[in-house]
Amino acid sequence: MRDVALRAGVSTKTVSRVFNDDPHVLPDTRALVEAAMHDLNYVPNALATTFRAGRASVIGVAVPDVVDPFFAAIARAVEDIARDRGLSTLVTSLGDDPANERPALESLLGRQLTGLVIAPVGTDHSWLERWRGHTPIVFVDRAPFGLHTDTFTEDDEAGAHLATTHLLSHGHRRIAYIGDMVHLSTETKRVEGWRRALRDAGVDVDERLVASGVSDRESAASALQRLRGIDDPPTALFSANARSSMALAHVLRGRPMPYVGFGDFPMADTLTPSVTVIDQDPRRIGALAAERVFARLQPEAGVDLDEVTVIDVSLVERESCRVPAP
């Protein structure tokens with residue numbers, strides 16, 4: 001940067017302002033600096049920038065599984081916002097084991113990130129408090145445990161209530177709940193939304209209709225076999241997440257059942273039958289989280305921001321809820 005400044009006859013601060021596209025730089029000065037940058041093939045030294053600013057020009061993103069369409073969409077939205085601000089993103093998968101969450105997050109935070117967006121899998125986040133003083137931390141999809149920080153979640157209970165009520169409107173009274181990790185705040189609320197919809201309709205809640213740990217085709221097949229084997233089996237299914245829904249879509253091909261899934265997923269609208277879903281809009285969640293990171297970097301801009309934001313969800317009706325009951 002000093003070489004560029006010397007060649008252009010300006011200060012290093014002016015070079016920095018030109019590189020960061022400061023609109024207050026005079027056109028003639030900008031032209032001189034840009035010409036010097038071109039002549040010297042100048043690119044900023046990211047490592048030096050990190051030392052000066054005390055943080056890397058990187059937004060960390062930690063999600064349970066980067067292959068999951070929902071979390072992949074969140075990560076992509078964060079990446080888009082970060083790129084517009086001249087930052088990179090560093091994405092990592094946390095997996096399903098809560099014990100792996102802290103080591104993975106500490107590894108990210110040790111890189112002096114500009115900010116961190118997390119979709120958690122653990123059950124204790126109080127240890128992150130010491131990091132919040134210098135690194136904006138935003139939770140998405142799932143609320144943290146033991147920590148008050150910026151959080152963007154969907155209205156999980158209302159969405160589950162909406163899905164179950166929709167199946168009830170089709171005449172079903174035996175509606176099974178198909179979930180994965182029921183200890184997470186998202187699933188806890190979705191189970192309650194399922195229960196509340198049944199109670200509101202005057203239907204007894206049969207806990208035998210709850211199937212957890214459904215994350216792949218094998219577990220989906222096993223859950224359906226058990227549910228079909230009980231007396232008075234379910235006539236419809238509510239799937240609590242996109243991963244469970246994708247597994248069910250495969251398993252139900254031979255013996256279809258009416259069902260609604262929480263969370264849209266690729267090709268859900270092109271399957272036969274197409275899948276009715278509760279739409280979460282993950283790209284919006286990711287964009288809001290990334291914007292919040294940048295807002296927290298400007299203390300005067302973040303004074304009146306709410307820490308917890310609950311985003312409305314909507315029902316997208318397709319064919320799967322109208323499949324004839326078995």
Side-chain angles (χ1 to χ4, degrees), residues 1-63 66 73-92 105-118 128-140 149-150 152 283-307 309:
M1 186 179 290
R2 285 194 297 268
D3 292 339
V4 173
L6 183 63
R7 190 179 188 91
V10 298
S11 66
T12 55
K13 183 176 181 180
T14 299
V15 175
S16 177
R17 290 171 63 191
V18 170
F19 185 83
N20 289 295
D21 202 24
D22 187 326
H24 299 100
V25 179
L26 295 173
D28 290 346
T29 303
R30 181 183 300 277
L32 285 171
V33 173
E34 288 177 344
M37 286 179 175
H38 180 269
D39 292 343
L40 296 173
N41 195 26
Y42 169 77
V43 292
N45 186 325
L47 184 59
T49 301
T50 298
F51 284 139
R52 287 195 302 272
R55 63 176 79 247
S57 297
V58 177
I59 301 290
V61 181
V63 296
V66 296
I74 289 177
R76 178 61 185 271
V78 174
E79 182 181 23
D80 289 345
I81 297 296
R83 185 187 300 112
D84 290 343
R85 304 293 186 98
L87 276 70
S88 302
T89 53
L90 181 60
V91 184
T92 189
L105 293 180
E106 286 182 329
S107 177
L108 278 177
L109 289 164
R111 299 172 184 267
Q112 302 299 309
L113 302 172
T114 295
L116 178 61
V117 177
I118 310 170
L128 282 167
E129 183 63 42
R130 64 189 178 91
W131 291 94
R132 291 186 62 224
H134 50 80
T135 305
I137 298 176
V138 181
F139 280 70
V140 292
T149 191
D150 290 305
F152 291 90
R283 287 193 63 83
R284 182 187 176 207
I285 296 170
L288 289 171
E291 293 288 2
R292 181 58 57 87
V293 167
F294 290 110
R296 290 301 184 193
L297 292 171
Q298 306 173 50
E300 69 282 357
V303 172
D304 297 325
L305 294 174
D306 293 330
E307 280 194 342
T309 303

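Using a 4.0 Å cut-off between charged nitrogen and carboxylate oxygen, R85 and E291 count as a salt-bridge pair.
Distance check, rounded to the nearest 0.5 Å: NZ of K13 to CZ of R17 gives 6.5 Å. Here the straight-line distance linking atom CD1 of I81 with atom CZ of R283 works out to 8.5 Å at 0.5 Å rounding. Atoms CZ and CG, from R7 and L32 in turn, are 11.5 Å apart once rounded to the nearest 0.5 Å. Going from atom CZ of R30 over to atom OG1 of T14 covers 11.0 Å, rounded to the nearest 0.5 Å. For the atom pair CD1 (I137) and CD (E129), the distance works out to 8.5 Å, reported to the nearest 0.5 Å. Note: D80 CG to R76 CZ = 5.0 Å, rounded to the nearest 0.5 Å.
Within the 4.5 Å cutoff, side-chain heavy atoms of L128 are placed close to those of L109. A 4.5 Å side-chain heavy-atom check between R2 and L6 finds every atom pair outside the cut-off. Inter-residue side-chain proximity for F294 and L87 is flagged as met; some heavy-atom pair is nearer than 4.5 Å. Counting heavy atoms from C-beta on, the side chains of L116 and W131 never come closer than 4.5 Å. Residues I74 and F152 have side chains not in contact (no heavy-atom distance under 4.5 Å, counting atoms from C-beta outward).
For E34, the salt bridge (Lys or Arg N to Asp or Glu O under 4.0 Å) criterion is met by no residue, not counting sequence neighbours. Qualifying side chain to side chain contact (heavy atoms under 4.5 Å, CB included) partners for L90, counting only residues two or more places apart in sequence or in other chains: V58, L108, R111.
Summarising the geometry of V91 relative to V66, their closest heavy-atom pair is CG1-CG1, 3.4 Å, with the distance given to 0.1 Å. What you find for P136 and V293 is that their closest heavy atoms are CG-O, 3.8 Å. Shown here for A8 and A36, the closest heavy-atom pair between the two residues is CB-CB, 4.1 Å. In this structure, T89 and A82 approach most closely via the heavy-atom pair CG2-CB, 3.8 Å. Closest approach of T114 and S57 over heavy atoms only: OG1-CA, 3.8 Å. Of all heavy-atom pairs between V15 and V10, the closest is CG2-CG2, 3.9 Å.
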